[in-house]
Participant: 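The structure is given below, and queries will be raised subsequently.
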Amino acid sequence: MAVEVVMPKLGMAMKEGTVSLWSKAVGDPVQKGEAIASINSEKIEMEIESPAEGTILNIAVQEGQGVPPGTVICHIGNPNEKIKIDEPVAEETQPKIAVQEKPKTIESPILPMGNRLMITPVARKMAQAANLDIEKIQGTGPGGRITKGDVQKVIEKRDSIPVNTEERIVPSQPALENQQQIPVKGMRNIIAKRMKESLQSSAQLTLTLKVDVTDLVILQKQATETLQKHDSTKLTITDFVAKAVVLSLKEHPKMNSAYIEDNIILYEHIHLGLAVALENGLVVPVIRNAENCTLRQLSNKGKELARSARDGQLPIEDMQGSTFTISNLGAFGVEHFTPILNTPETGILGIGSAYDTPLYIGEELERRTILPLSLTFDHRVLDGAPAAAFLQTLKRYLEEPITVIL
């Protein structure tokens with residue numbers, strides 16, 4: 001009996017999921033646990049694995065199509081197995097006489113209908129990258145479907161034809177065939193829309209500041225050595241910054257707010273967002289009620305959320321409701337940058353790469369460690385002076401690091 005593969009529910013708040021890519025086509029054999037498609041919802045993108053061994057009998061949801069969780073997206077069963085598809089009941093504007101019909105049956109593999117061209121997703125991408133006309137490629141797959149092997153043969157045949165270099169015309173501008181057009185979809189499409197909306201819907205301004213974290217680096221190493229005698233906890237500079245941000249937000253509550261429909265909403269609790277870079281985008285996991293967390297708890301929760309995000313296991317609920325966000329580009333050698341607000345939040349802090357430099361301490365020239373910080377804030381909520389005061393409070397905590405752990 002054919003097995004239904006449904007759109008999974010990636011979180012309690014998920015209303016729709018989109019098939020971003022089919023890795024298999026109708027008629028392809030699959031093993032249990034083999035990836036058959038990629039789906040995305042909000043900022044989550046993950047692969048769907050086959051729940052059983054068999055053959056792809058049909059594909060009910062096409063690439064780019066969004067459907068509610070629980071919707072059947074394909075069937076897997078034995079070759080040529082018949083499957084029953086119940087047709088949805090359509091609402092009629094005029095009353096009609098009810099006619100009882102038997103469920104329709106479809107035999108697999110499905111052959112191409114009319115002039116529809118059958119081609120696997122991988123083959124289509126290869127053809128586009130090689131600038132091939134897929135209408136001229138002869139398919140050898142089930143029902144005449146064009147496969148990866150068919151495209152590869154055409155490419156090899158084309159490349160084997162000798163070119164007369166004497167007759168070759170050198171264009172004055174880059175040839176159009178050397179350009180690659182990449183459709184913006186999935187997570188990248190969501191990020192693109194949200195970043196544009198953020199800049200268009202708020203008045204963003206960025207202030208930068210340098211903090212002397214020499215004493216903090218010493219304390220961080222000492223604290224890590226002590227903690228690792230008892231467990232595997234490893235405190236980082238980012239952990240200390242996160243705790244200092246929470247303490248600073250408690251002193252400057254207007255920075256822990258949002259501008260919503262001509263109202264400034266001051267939040268009672270601090271839900272700290274931590275931007276995490278993924279291979280194909282970024283997500284912002286949220287540490288809820290961060291004001292109640294110790295330095296060690298912030299460190300452990302942050303690392304756990306980041307790990308889940310990179311493994312594609314982060315629920316949507318853990319990416320919603322942040323009141324202030326931290327973004328760290330220090331690992332890439334970046335110093336100051338302009339982080340974009342995670343609207344409707346009022347502020348986002350960018351952490352740069354720490355570096356050593358000579359600095360006068362009194363009359364003595366010493367080697368000190370400097371940490372660049374960049375604060376982007378919504379000028380509709382507060383002005384430059386209070387935003388700068390927040391940065392000064394943050395600087396005080398980081399330059400007197402013992403206050404962070406007391």
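The basis for the numbers below is simple: all heavy atoms, side chains too, and nothing from hydrogens, waters or symmetry mates.
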Participant: Rounded to the nearest 0.5 Å, what separation is found between the CG atom of L209 and the NE2 atom of H336?
Facilitator: 7.5 Å
Participant: Look up atom CD in E399 and atom CG in L394, then write down how far apart they are to the nearest 0.5 Å.
Facilitator: 10.0 Å
Participant: Any non-hydrogen side-chain atom of E81 less than 4.5 Å from a side-chain atom of H75?
Facilitator: no
Participant: Could you please spell out the steps behind the side-chain contact (heavy atoms from CB on, under 4.5 Å) verdict for D212 and L359?
Facilitator: CA-CA 9 Å; D212 186 344; L359 191 67; 3.9 Å; yes
Participant: Within the side chain of D318, is there an N or O that forms a donor-acceptor pair under 3.5 Å with the backbone of P315?
Facilitator: no
Participant: Step by step, would you call T338 with Q204 a side-chain hydrogen bond (donor to acceptor under 3.5 Å, both in side chains)?
Facilitator: CA-CA 10 Å; T338 307; Q204 301 189 26; over 6 Å; no
Participant: Given the rule in the side-chain contact (heavy atoms from CB on, under 4.5 Å) test, do I361 and R368 qualify, once you have shown the distances and angles that lead to the verdict?
Facilitator: CA-CA 9 Å; I361 305 298; R368 309 294 289 183; 4.0 Å; yes
Participant: So, S202 versus D378: side-chain donor-acceptor pair below 3.5 Å or not?
Facilitator: no
Participant: Roughly how far, to the nearest 0.5 Å, is CG of L391 from CG of L349?
Facilitator: 7.0 Å
Participant: Answer yes or no: is there a donor N or O on one side and an acceptor on the other, between the side chain of T346 and the main chain of S257, under 3.5 Å?
Facilitator: yes
Participant: So, for I348 and F324, which heavy atoms are closest and what is the spacing to 0.1 Å?
Facilitator: N-CE1, 3.9 Å
Participant: Shortest non-hydrogen contact from C74 to I36?
Facilitator: SG-CD1, 4.1 Å
Participant: Do K254 and P386 come within less than 4.5 Å of each other through their side chains, counting heavy atoms only?
Facilitator: no
Participant: Considering only heavy atoms from C-beta outward, does the side chain of R310 approach that of L278 to under 4.5 Å?
Facilitator: yes
Participant: Mind listing the closest non-hydrogen atom pair of L305 and V286 along with its distance?
Facilitator: CD1-O, 3.5 Å
Participant: So which atom in P372 and which in S353 form the shortest heavy-atom distance, rounded to 0.1 Å?
Facilitator: CD-O, 3.3 Å
Participant: Got D356 and T369 here, is their nearest side-chain heavy-atom distance under 4.5 Å?
Facilitator: yes
Participant: Under the side-chain contact (heavy atoms from CB on, under 4.5 Å) criterion, do L314 and M319 qualify, and how do the steps go?
Facilitator: CA-CA 8 Å; L314 192 65; M319 293 187 289; 3.4 Å; yes
Participant: Can you confirm whether S23 sits close enough to E34 that some side-chain heavy atom of one is under 4.5 Å from a side-chain heavy atom of the other?
Facilitator: no
Participant: Check whether any side-chain N or O of Q220 sits under 3.5 Å from a backbone N or O of L235 as a donor-acceptor pair, and report yes or no.
Facilitator: yes
Participant: Looking only at heavy atoms, what is the nearest atom pair of G347 and M255, with distance?
Facilitator: CA-SD, 4.0 Å
Participant: Is the backbone of T236 close enough, under 3.5 Å, to the side chain of D239 for a donor and an acceptor to pair up by distance?
Facilitator: yes
Participant: Can you label the angle between the F390 ring and the H252 ring as parallel, tilted or perpendicular, going by 30° and 60°?
Facilitator: perpendicular
Participant: Roughly how far, to the nearest 0.5 Å, is CD1 of I76 from OG of S50?
Facilitator: 3.0 Å
Participant: Rounded to the nearest 0.5 Å, what separates atom CZ in R158 from atom CG in N131?
Facilitator: 7.0 Å
Participant: Got T238 and I351 here, is their nearest side-chain heavy-atom distance under 4.5 Å?
Facilitator: yes
Participant: Is a donor on one side and an acceptor on the other found under 3.5 Å between the side chain of D383 and the backbone of A385?
Facilitator: no
Participant: Could you tell me whether the side chain of T323 and the main chain of I270 form a donor-acceptor pair under 3.5 Å?
Facilitator: no
Participant: So, does S299 use its side chain to make a donor-acceptor pair with the main chain of L295 at under 3.5 Å?
Facilitator: no
Participant: Looking only at side chains, do S374 and T208 share a donor and an acceptor under 3.5 Å apart?
Facilitator: no
Participant: Counting only heavy atoms from other residues, nucleotides and ligands, does the tally under 6.0 Å from NZ of K210 exceed 12?
Facilitator: no
Participant: Side-chain contact, heavy-atom cut-off 4.5 Å: E345 with Y267?
Facilitator: no
Participant: Can a donor-acceptor pair be found, under 3.5 Å and without considering hydrogens, that links the side chain of K301 to the backbone of A290?
Facilitator: no
Participant: Any sub-3.5 Å donor-acceptor pair from N256's side-chain atoms to H269's backbone N or O?
Facilitator: yes
Participant: Working to the nearest 0.5 angstrom, can you tell me the gap between N78 CG and T55 OG1?
Facilitator: 7.0 Å
Participant: Yes or no on side-chain contact (heavy atoms from CB on, under 4.5 Å) for I287 and H271, after CA distance, side-chain angles and deciding distance?
Facilitator: CA-CA 6 Å; I287 301 177; H271 304 314; over 6 Å; no
Participant: Give me the atom names and distance for the closest heavy-atom approach of T403 to Y397.
Facilitator: OG1-CD2, 3.3 Å
Participant: For the backbone of C293 and the side chain of K243, can you confirm whether one donor and one acceptor N or O come within less than 3.5 Å of each other?
Facilitator: yes
Participant: Taking the side chain as every heavy atom from C-beta outward, state whether F240 and L219 have any pair of such atoms under 4.5 Å apart.
Facilitator: yes
